[in-house]
Amino acid sequence: MTSADTAKNTILNYTPQNEREKKDKELILRYLSEGHDALLRSDIVGHFTASAWITDPSRSLVLMAFHNIYKHWAWIGGHADGDGDLFAVAGREAVEETSVPDLRPLSDRPVSIEVLGVPSHIRRGEIVSAHLHFNVTYLFEADPASPVFIKADENSAVGWRNEGQILSSESEPEMIPIYTKLLQRMEKF
């Protein structure tokens, strides 16, 4: 099985839990059926990303990073960059971006999928055109007493945030329903 098949199977096997996820799943599968290599950023229309929603054992806090490009607190994650094992991508990104030492998966199955519109921005001095992220989110747990560290080229702060902090400080209104969904889903684990 190719890396692309692995990513496609992740989407095929995901059971949407609301109408948006149903539509997003259809869009991702349609895009893949057209032969696009969505595992690579070189697909400038859309490509896969994986996120880690990292909660504490009490399910009252989430580990987030202050993103350098977007200038707000965000979940942890990154580009697939050719790796179709999106679960592994989410875990790897979590450790790279936070240095969290005791990351534990709560499931190897995604808790959420979404198609995210990314506005045009500058990254490392280069213009990046607006595009789509085909995002798959996995749920992890870590100890909030463990030390975490920033990844200076991507974030300027890493910290545990409660629901009120997450929702009240979000500067992108389209992320509020996604974060609300993830906050609700983490309580089920």
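This is a predicted model, so every value here is computed, not measured. The figures that follow rest on heavy atoms only: side chains count, while hydrogens, waters and symmetry mates do not.
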Checklist entry - Do side-chain atoms of Asn18 reach the backbone of Lys22 as a donor and acceptor pair under 3.5 angstrom? => result no
Next on the checklist: Checking side-chain polar atoms at under 3.5 Å, does Thr6 have a donor or acceptor matched by the opposite partner on Asp85?
Outcome noted: no
Checklist entry - Do you see a donor-acceptor pair shorter than 3.5 Å between the side chains of Asp43 and Tyr31? => result yes
Checklist entry - Would Tyr14 and Glu21 count as having a side-chain donor-acceptor pair, cut-off 3.5 Å? => result yes
Checklist entry - Taking side chain as C-beta onward, heavy atoms only, is Phe140 less than 4.5 Å from Ile76? => result no
Checklist entry - Can you tell me if Ser120 uses its side chain to pair, donor with acceptor, with the backbone of Val128 under 3.5 Å? => result yes
Checklist entry - Is there a side-chain contact between Thr49 and Arg41 (heavy atoms, below 4.5 Å)? => result no
Item to check | Donor-acceptor under 3.5 Å (Arg161 side chain, Met64 main chain) | outcome: no
Checklist entry - Does the pair Arg30/Glu26 count as a salt bridge with the N-to-O cut at 4.0 Å? => result no
Checklist entry - Which is it for Ser156 and Asn68 under the side-chain contact (heavy atoms from CB on, under 4.5 Å) test, yes or no, and what are the steps along the way? => result CA-CA 6 Å; Ser156 56; Asn68 289 343; 3.4 Å; yes
Item to check | Step-by-step side chain to side chain donor-acceptor pair (under 3.5 Å) determination, Thr137 to Glu114 | outcome: CA-CA 8 Å; Thr137 304; Glu114 45 274 319; 3.1 Å; yes
Checklist entry - Heavy-atom distance under 4.5 Å between the side chains of Leu39 and Asp81, does that happen here? => result no
Item to check | Residue pair Asp83, Phe48: steps toward the side-chain contact (heavy atoms from CB on, under 4.5 Å) verdict | outcome: CA-CA 9 Å; Asp83 189 348; Phe48 277 106; over 6 Å; no
Checklist entry - Can you check whether His36 and His47 have ring centres sitting under 6.0 Å from each other? => result no
Next on the checklist: How about CG on Leu29, more than 12 heavy atoms from neighbouring residues, nucleotides or ligands closer than 6.0 Å, or not?
Outcome noted: yes
Next on the checklist: When you compare the side chains of Glu154 and His67, does any donor N or O come within less than 3.5 Å of an acceptor on the partner?
Outcome noted: no
Checklist entry - Got a sec: does the CD of Glu126 have more than 12 other heavy atoms crowding it under 6.0 Å? => result no
Checklist entry - Do Thr10 and Arg109 have a side chain donor and acceptor closer than 3.5 Å? => result no
Next on the checklist: What verdict does the side-chain contact (heavy atoms from CB on, under 4.5 Å) test give for Ser99 and Val148, after you've listed the backbone C-alpha separation in whole Å, the side-chain angles of each residue and the deciding distance to 0.1 Å?
Outcome noted: CA-CA 5 Å; Ser99 301; Val148 293; 5.8 Å; no
Next on the checklist: Looking at Lys151 and Glu97, is there a salt bridge between them, counting it only when a charged N and a carboxylate O are closer than 4.0 Å?
Outcome noted: no
Checklist outcome for this item: On a heavy-atom basis, the closest approach of Tyr138 and Asp108 is CE2-O, 3.4 Å
Checklist entry - When you measure from the side chain of Arg124 to the backbone N and O of Asp153, does any donor-acceptor pair fall under 3.5 Å? => result no
Checklist entry - So Trp53 and Tyr179, would you call those rings parallel, tilted or perpendicular, with 30° and 60° as cut-offs? => result tilted
Next on the checklist: Are His133 and His131 packed together at the side-chain level, in the sense that at least one heavy-atom pair is separated by less than 4.5 angstrom?
Outcome noted: yes
Checklist entry - Can you check whether Asp143's main-chain N or O pairs, donor with acceptor, with Asp102's side chain at less than 3.5 Å? => result yes
Checklist entry - Taking C-beta and beyond as the side chain, do Gln165 and Val62 meet within less than 4.5 Å on heavy atoms? => result no
